[in-house]
Amino acid sequence: MRQLIFACIALLGLLFAACGGANSSSDQGDASSSKEQKAPPKEEVAISEEVLAAGEAVYNTYCMACHMADGNGVPNMNPPLGETEWVNGDKATLINIVLKGLTEPIEVHGETYSSIMPPHNFLSDEDIASVLTFVKNSFGNSSGSVTTEEVASLRAGG
């Protein structure tokens with residue numbers, strides 16, 4: 001009987017602590033989430049529809065023939081753009097691929113792609129920034145933006 005009473009008291013104590021803890025932690029969660037909303041990390045700043053539309057137009061003109069409308073590329077030739085380290089990884093690498101092209105085979109999702117990507121350094125810094133922002137936020141990607149300043153810096157050798 002004593003054990004049953006002790007178990008009930010312990011259970012009530014746990015329930016009381018859980019209810020009190022849930023209320024205080026949800027209050028803290030609300031407070032911290034409102035703080036996060038006030039000052040989002042730089043990479044989480046909203047990307048304008050204008051930038052995405054401009055990037056899509058550049059993509060449709062210069063990229064779609066090889067990487068396809070769905071971003072899935074062409075097997076063994078042109079790599080897919082969705083959910084890859086090439087798109088979602090280091091921005092400088094991605095920018096340099098567009099500026100300088102790529103001549104060696106690359107591996108994406110365990111498959112090798114061997115077509116040469118010509119340099120697209122004839123595009124403006126703004127066009128490259130917008131198309132890469134579009135790609136980084138399409139085809140299953142959600143990895144931020146590329147700025148005109150980042151492109152200009154790499155184009156200048158930085």
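Here, residue 1 is the first one in the sequence, and each next residue gets the next number. Here the structure is a predicted model, which means the values were calculated and not measured.
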Going by heavy atoms in the side chains, are [X] and [Y] under 4.5 Å from each other?
{"X": "Val135", "Y": "Tyr59", "result": "yes"}
{"X": "Met117", "Y": "Ile97", "result": "yes"}
{"X": "Asn76", "Y": "Tyr113", "result": "no"}
{"X": "Leu123", "Y": "Tyr62", "result": "yes"}
{"X": "Phe139", "Y": "Glu83", "result": "no"}
{"X": "Met77", "Y": "Ser114", "result": "no"}
{"X": "Cys63", "Y": "Val131", "result": "yes"}
{"X": "Glu150", "Y": "Ile95", "result": "yes"}

Query raised in the report: Could you go step by step and tell me if Ile116 and Leu102 meet the side-chain contact (heavy atoms from CB on, under 4.5 Å) rule?
Result: CA-CA 6 Å; Ile116 293 172; Leu102 189 64; over 6 Å; no

Closest non-hydrogen atom pair between [X] and [Y], with its separation:
{"X": "Gly89", "Y": "Lys136", "value": "O-NZ, 4.2 Å"}
{"X": "Ala129", "Y": "Val146", "value": "CB-O, 3.4 Å"}
{"X": "Asn78", "Y": "Ser115", "value": "OD1-CB, 3.2 Å"}
{"X": "Ala54", "Y": "Ser130", "value": "C-OG, 3.9 Å"}

Requested in this report: Check step by step if side-chain contact (heavy atoms from CB on, under 4.5 Å) holds for Arg155 and Ile128.
Outcome: CA-CA 11 Å; Arg155 187 189 299 266; Ile128 292 172; 3.5 Å; yes

Query raised in the report: Which distance, rounded to the nearest 0.5 Å, do you find between the OG1 of Thr147 and the CG of Leu132?
Result: 10.5 Å

Query raised in the report: In Å and rounded to the nearest 0.5 Å, what is the CG to NE2 distance from Asp127 to His120?
Result: 11.5 Å

Requested in this report: Identify the residue among Leu94, Val108, Ile106 that makes a side chain to side chain contact (heavy atoms under 4.5 Å, CB included) with Thr84.
Outcome: Val108

Requested in this report: Please list, chain by chain and in numerical order, all residues satisfying side-chain contact (heavy atoms from CB on, under 4.5 Å) with Leu52, sequence neighbours excluded.
Outcome: Ile47, Glu49, Thr133, Asn137

Query - Side-chain donor/acceptor of Trp86 to backbone N/O of Glu107, under 3.5 Å - result: yes

Requested in this report: Please confirm whether the backbone N or O of Ser138 pairs with a side-chain atom of Asn141, one donor and one acceptor, at under 3.5 Å?
Outcome: yes

Query raised in the report: Would Met64 end up clustered with Leu81 when hydrophobic side chains under 4.5 Å apart are linked, directly or stepwise?
Result: yes

**Report entry** For His67, ring pair (Phe, Tyr, Trp, His ring centres under 6.0 Å) partners two or more places apart
**Finding:** none

